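Owing to the predicted nature of the structure, the values given are computational and were not obtained by experimental measurement.
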Amino acid sequence: MYTIRNYRLTRRGQVTDRFTKALERLGSDQRYLRIGGVLALEQIVQDAPEQATHAAQVLGRFVRDRAPTHQHPTNPPNGEPTTTDTSLLTSLEADVQVALTALTRPGSRTHVDDREKLYFAILHLAGAVLVRADLTDALLTRTNFTRADLSGADLTSAFLRRADLTHAFLDGANLTGANLAKANLTGASLRGADLTRTDLSGANLTDVRGLRRSK
């Protein structure tokens with residue numbers, strides 16, 4: 001019992017030390033060190049799944065701090081979905097992309113407390129690559145996903161009201177129960193997507209490919 005207790009204390013101390021060093025890297029002004037910090041956190045989750053919720057909290061804050069915000073007009077004319085804002089970058093910074101990938105990896109999300117929701121509202125995530133990402137219950141109000149690749153992503157019950165999904169790839173995505181009211185889906189691809197109980201009221205569906213409504 002004494003040996004087991006010492007082992008647990010030593011292991012806990014090692015994990016804490018690794019977590020602290022990862023946080024220091026995330027705060028660096030050098031991009032490659034920030035990416036190293038993200039990868040270190042992801043490795044910690046693999047080695048110590050009980051730290052998954054803490055890692056998710058840190059990575060979520062990192063994404064919200066690093067990604068630019070995208071504010072739509074408060075009262076768009078006639079309540080119609082707003083058009084794409086071309087004033088911001090069309091692709092993500094590398095460190096933000098790595099953090100998003102780590103944060104939404106299905107294998108890691110299974111260890112995160114269910115109460116810890118992903119919150120990326122009003123962020124500019126144009127060009128994000130989130131293939132087969134776990135975005136269940138994510139809060140994505142007014143998020144800009146222009147040309148993002150969300151193929152095969154799990155967006156069950158995600159809140160995408162007024163989100164900009166112009167030319168986004170949602171092929172094979174699970175949108176069961178998702179709220180896309182007044183979202184901009186101009187030119188988006190929805191081939192094979194599950195739209196069971198998806199709210200598309202008021203959404204801009206101009207030139208949407210593969211749209212197949214489910215009851």
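- Gly36 and Arg25 make their closest contact through O-NH1, 3.8 Å (heavy atoms, listed as atom of the first residue, atom of the second, distance).
- Arg161 has its side chain within reach of Lys182: a pair of non-hydrogen atoms, C-beta onward, lies under 4.5 Å apart.
- Applying the under-4.5 Å side-chain rule to Ile, Leu, Val, Met, Phe, Trp and Tyr, the cluster around Leu33 extends to Tyr32.
- Taking Thr156 as the reference, Asp154, Asn174 meet the side chain to side chain donor-acceptor pair (under 3.5 Å) condition, with sequence neighbours excluded.
- For Asp137, the side chain to side chain contact (heavy atoms under 4.5 Å, CB included) partners are Lys117, Ser157, not counting sequence neighbours.
- With hydrogens and angles disregarded, a donor-acceptor distance shorter than 3.5 Å links the side chain of Arg209 to the backbone of Gly187.
- For Thr53, the side chain to side chain donor-acceptor pair (under 3.5 Å) criterion is met by no residue, not counting sequence neighbours.
- For the pair Arg109/Leu118, a side-chain contact is recorded, criterion being any heavy-atom separation below 4.5 Å from C-beta on.
- In terms of hydrophobic clustering, with Ile, Leu, Val, Met, Phe, Trp and Tyr side chains grouped at heavy-atom distances under 4.5 Å, Leu100 and Leu170 are assigned to a common cluster.
- When hydrophobic clusters are built by joining Ile, Leu, Val, Met, Phe, Trp and Tyr residues whose side-chain heavy atoms come closer than 4.5 Å, directly or via intermediates, Val208 is grouped together with Leu180.
- Remark: Val98 pairs with Ile35, Val38, Leu39 by the side chain to side chain contact (heavy atoms under 4.5 Å, CB included) rule, at least two apart or across chains.
- We find the CZ-CG distance between Phe145 and Leu185 to be 12.0 Å, quoted to the nearest 0.5 Å.
- Looking at residues two or more places apart in sequence or on another chain, you find a salt bridge (charged side-chain N to carboxylate O under 4.0 Å, His left out) between Arg61 and Asp65.
- The only option from Asn184, Leu150, Leu140, Thr146 that meets the side-chain contact (heavy atoms from CB on, under 4.5 Å) definition with Leu165 turns out to be Leu150.
- Contact between Ala52 and Ser108 at its shortest, heavy atoms only, is CB-O, 4.1 Å.
- In this structure, CG in Leu190 is found 8.0 Å from CG in Leu200, a value given to the nearest 0.5 Å.
- Of the residues Val63, Leu123, Leu125, the one that meets the side-chain contact (heavy atoms from CB on, under 4.5 Å) test with Leu92 is Leu125.
- Other residues, nucleotides and ligands contribute more than 12 heavy atoms inside 6.0 Å of the CZ atom of Phe120.
- The CZ atom of Arg64 sits 10.5 Å away from the CG atom of Leu59 when rounded to the nearest 0.5 Å.
- A distance-only check finds a donor-acceptor pair linking the side chain of Gln97 to the backbone of Val129 [under 3.5 Å].
- Taking Arg34 as the reference, Ser28, Arg31, Phe62, Arg66, Asp95 meet the side chain to side chain contact (heavy atoms under 4.5 Å, CB included) condition, with sequence neighbours excluded.
- Qualifying salt bridge (charged side-chain N to carboxylate O under 4.0 Å, His left out) partners for Arg191, counting only residues two or more places apart in sequence or in other chains: none.
- In plain terms, the two heavy atoms of Ala183 and Leu160 that are nearest each other are CB-O, 3.8 Å.
- Between the NE2 atom in His54 and the CG atom in Leu23 there is a gap of 11.5 Å [rounded to 0.5 Å].
- In terms of the side chain to side chain donor-acceptor pair (under 3.5 Å) criterion, residue partners of Thr206 (sequence neighbours excluded) are, by chain and number, Asn204.
- Residue Val112 is found outside any hydrophobic cluster, as its side-chain heavy atoms come under 4.5 Å of no other Ile, Leu, Val, Met, Phe, Trp or Tyr.
- For Asp113, the salt bridge (charged side-chain N to carboxylate O under 4.0 Å, His left out) partners two or more places apart in sequence, or in a different chain, are Arg115.
- Remark: Gln43 pairs with Asp47 by the side chain to side chain donor-acceptor pair (under 3.5 Å) rule, at least two apart or across chains.
- Distance check: His167 NE2 to Arg147 CZ gives 5.0 Å after rounding to the nearest 0.5 Å.
- Grouping the Ile, Leu, Val, Met, Phe, Trp and Tyr side chains by contacts below 4.5 angstrom, directly or via other members, places Leu130 with Leu175.
- A donor-acceptor pair shorter than 3.5 Å can be found between the side chains of Asp171 and Ser189.
- Atom CG in Asp207 sits 7.5 Å away from atom OG1 in Thr186 (nearest 0.5 Å).
- Both Leu195 and Leu135 are assigned to one and the same hydrophobic cluster, defined by single-linkage of ILVMFWY side chains at heavy-atom distances under 4.5 Å.
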